[in-house]
*Asks:* 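Have a look at the structure that comes next, please.
Labels below follow one simple rule: chain letters A, B, ... track the order of the sequence lines, proteins then strands, and each chain is numbered from 1. The structure presented is a predicted model; accordingly, all values stated were derived computationally and were not measured.
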Number of protein chains: 2
Amino acid sequence: MTETADIECRIAAMFRALGDPTRLRIFSFLRSCCCPVAVDESGEVRTVQGPTAGEVCCSITGSEKVSSTLSFHLKELRVAGLITMERRGKNRVCGVNTQAADELAAFLAGGEAPTGCDG
Amino acid sequence: MTETADIECRIAAMFRALGDPTRLRIFSFLRSCCCPVAVDESGEVRTVQGPTAGEVCCSITGSEKVSSTLSFHLKELRVAGLITMERRGKNRVCGVNTQAADELAAFLAGGEAPTGCDG
DNA sequence: ACAATAGTTCGACATTTCTCGAACTCTGGA
DNA sequence: TCCAGAGTTCGAGAAATGTCGAACTATTGT
């Protein structure tokens, strides 16, 4: 029960992260802009390629400078587990975590019922 | 562009509604407890059967009385379009709007990219 | 070492959200 | 008509969230 509650909280956190228009646009952009993510042999999620934080910012806000606000939203998405970020030189390259997106889609599709009526 | 922004906002609103643990539990419970929803010939969404607000409350909070808090959360879900509520005598019967859930699942599955890089 | 670039973190502030209790509405029954 | 039951709405207060600018960190190039 505590476990399912944890799962539920994690899922709620992901939904919450997508619940802000700016973050949803970031997520959409990241996915639409060909940012594949590979899963390592060790299970580690690694970004293969993708736009930099600056490019995301440019697309979302029009500004070329990464604002603290955009950085904040990227962090929210990252902490929720929806996107990945990895240093590449001076930049930070972003990608979506497709596993997380799949997990949410599966939840919505009704595959699982995290908690039940038996409290 | 304004249209896609609207769609995005509507989707973000649905995600936001599911982003609260209490509401996610309500949504889960509603779906797990056999609450089919039918779509009328006129396109109207009608609840066929489902638990009352009181039963939802009992399942979520353990209390039999529908608190103002639960009523608040039910309203959030309803306004977001994720659930339906319909009067049945003294009670209000709830059901999930599966179309909305499907829409979110489709979004996550990557079928559509509401907004693009061309801002 | 120094400057420039790319992004993050911090502090502050306004806004929103969540929760609670009290008052209210709407319905059905005596 | 009056009362009880089932939810909703309202007002207030605490907590979380989003935004901004300034200071900070990390990396590259000279």
*Asks:* Just to verify, what does B/T22 make a side chain to side chain contact (heavy atoms under 4.5 Å, CB included) with, not counting sequence neighbours?
*Replies:*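 In terms of side chain to side chain contact (heavy atoms under 4.5 Å, CB included), with neighbours along the sequence ignored, B/T22 is linked to B/D20, B/I26, B/I60, B/H73.
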
*Asks:* For B/F15, which residues count as a ring pair (Phe, Tyr, Trp, His ring centres under 6.0 Å) partner, sequence neighbours excluded?
*Replies:*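 B/F15 satisfies ring pair (Phe, Tyr, Trp, His ring centres under 6.0 Å) with A/F15, B/F107 only.
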
*Asks:* Rounded to the nearest 0.5 Å, what separates atom SG in A/C33 from atom CZ in A/R31?
*Replies:*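 Answer for the SG-CZ pair, A/C33 versus A/R31, is 11.0 Å.
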
*Asks:* Going from CZ on A/R25 to OG on A/S59, what distance comes out if it is rounded to the nearest 0.5 angstrom?
*Replies:*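 The distance works out to 7.0 Å.
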
*Asks:* How long is the line joining CG of B/L74 and P of D/dG7, in whole Å?
*Replies:*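 Taking CG of B/L74 and P of D/dG7, I get 9 Å after rounding.
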
*Asks:* Is there a side-chain contact between A/T84 and A/C94 (heavy atoms, below 4.5 Å)?
*Replies:*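 No, side chains not in contact.
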
*Asks:* Measure the distance from CZ on B/R25 to C1' on C/dC18 and round it to the nearest whole Å.
*Replies:*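 Atom CZ in B/R25 sits about 16 Å away from atom C1' in C/dC18.
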
*Asks:* Using a 4.0 Å heavy-atom cut-off, write out nucleotides 23-30 of chain D from 5' to 3' as B (base contacted by protein), S (sugar-phosphate only) or - (no contact).
*Replies:* ---SBS--

*Asks:* Write down the distance between CZ (A/R78) and P (C/dG7), rounded to a whole number of angstrom.
*Replies:*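 Interatomic distance, CZ of A/R78 to P of C/dG7: 13 Å.
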
*Asks:* Could you run through nucleotides 13-22 of chain D and give me one letter per nucleotide, 5' to 3': B if any protein heavy atom sits under 4.0 Å from the base, S if only the sugar-phosphate is that close, - if neither?
*Replies:* ----SSBBBB

*Asks:* Find the distance B/L18:CG to C/dC18:P and express it as a whole number of Å.
*Replies:*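 In whole Å, C/dC18 P and B/L18 CG are 12 Å from each other.
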
*Asks:* For A/A12, check side chain to side chain contact (heavy atoms under 4.5 Å, CB included) against everything at least two apart and list the hits.
*Replies:*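 For A/A12 the side chain to side chain contact (heavy atoms under 4.5 Å, CB included) partners, ignoring immediate neighbours, are B/P21, B/L24.
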
*Asks:* On the nucleotide D/dG5, are OP1 or OP2 found under 4.0 Å from the side-chain N or O atoms that B/N91 carries?
*Replies:*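 No, outside the criterion.
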
*Asks:* Using a 4.0 Å heavy-atom cut-off across all strands, classify A/K65 as base, sugar-phosphate, or nothing.
*Replies:*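 A/K65: no heavy atom of the nucleic acid under 4.0 Å.
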
*Asks:* What residues form a side chain to side chain contact (heavy atoms under 4.5 Å, CB included) with B/A105, not counting sequence neighbours?
*Replies:*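 Checked B/A105 against side chain to side chain contact (heavy atoms under 4.5 Å, CB included); matches are A/L108.
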
*Asks:* Roughly, in whole Å, what's the span from CD1 in B/I26 to P in C/dC18?
*Replies:*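 Between P of C/dC18 and CD1 of B/I26: 11 Å.
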
*Asks:* Could you give the angle between the helix axes at the two ends of the helix from C/dA1-D/dT30 to C/dA30-D/dT1, with five pairs per end, rounded to 10 degrees?
*Replies:*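 The end axes of the helix from C/dA1-D/dT30 to C/dA30-D/dT1 are about 20° apart, to the nearest 10°.
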
*Asks:* Answer yes or no: is there a donor N or O on one side and an acceptor on the other, between the side chain of B/R23 and the main chain of B/A17, under 3.5 Å?
*Replies:*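 Confirmed, B/R23 side chain pairs with B/A17 backbone.
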
*Asks:* According to the salt bridge (charged side-chain N to carboxylate O under 4.0 Å, His left out) rule, which pairs have a member within residues 69-82 of chain A, sequence neighbours left out?
*Replies:*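 Sorted pair list: A/R16-A/E76.
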
*Asks:* Nearest 0.5 Å, what's the CE-CG distance between A/M85 and A/L77?
*Replies:*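 The distance works out to 9.5 Å.
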
*Asks:* Checking B/A100 now: which residues fulfil side chain to side chain contact (heavy atoms under 4.5 Å, CB included) with it, not counting sequence neighbours?
*Replies:*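 By the side chain to side chain contact (heavy atoms under 4.5 Å, CB included) rule, B/A100 matches B/M14, B/L82, B/N97.
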
